[in-house]
Amino acid sequence: MPEAPAHETDGNPVKELSVDHIRTRVAGAQQDVQDSLSLAETRAEQHLQAQAAAVTAALARVLDLTPAP
């Protein structure tokens, strides 16, 4: 379904999105954050060997995620 711009009474543009579209976008954003954590974990293992687990765990806590097994 194409997204046609609408206008509120104050003239500001409003974009109408379907619930499915919003769910898809949110799921994509969640996956991007999880992928970033995985990349950070890989980099930490390469450059911060002794602290890698602690750094990854701290990032996961801040992002409210679980590190990859």
Side-chain angles (χ1 to χ4, degrees):
M1 174 170 110
E3 300 161 7
H7 293 280
E8 289 290 329
T9 55
D10 63 1
N12 290 323
V14 174
K15 194 169 196 175
E16 295 180 19
L17 303 172
S18 70
V19 171
D20 289 337
H21 184 79
I22 292 170
R23 284 185 181 129
T24 299
R25 301 279 302 260
V26 169
Q30 289 172 323
Q31 186 60 55
D32 288 347
V33 173
Q34 186 66 53
D35 292 346
S36 295
L37 178 61
S38 294
L39 179 60
E41 181 177 25
T42 299
R43 298 293 173 118
E45 289 169 354
Q46 292 170 347
H47 301 284
L48 305 169
Q49 296 87 11
Q51 296 86 13
V55 168
T56 301
L59 285 172
R61 280 192 307 275
V62 168
L63 297 171
D64 195 24
L65 296 174
T66 304

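Computed from a prediction, not measured in an experiment: that's the story for all the values here.
Neither Val33 nor Leu39 shares a network with the other; the hydrophobic side chains, linked directly or stepwise wherever heavy atoms of I, L, V, M, F, W or Y lie under 4.5 Å apart, form separate groups for each.
Between the CG atom in Asp32 and the CG atom in Leu37 there is a gap of 13.0 Å [rounded to 0.5 Å]. To the nearest 0.5 Å, atoms CG (Leu59) and CD (Glu41) are separated by 10.0 Å. A distance of 10.0 Å separates OG1 in Thr42 from NE2 in His47, rounded to the nearest 0.5 Å.
Of the options Gln46, Glu45, Gln51, a side-chain contact (heavy atoms from CB on, under 4.5 Å) to Leu48 is made by Gln51 and by none of the others.
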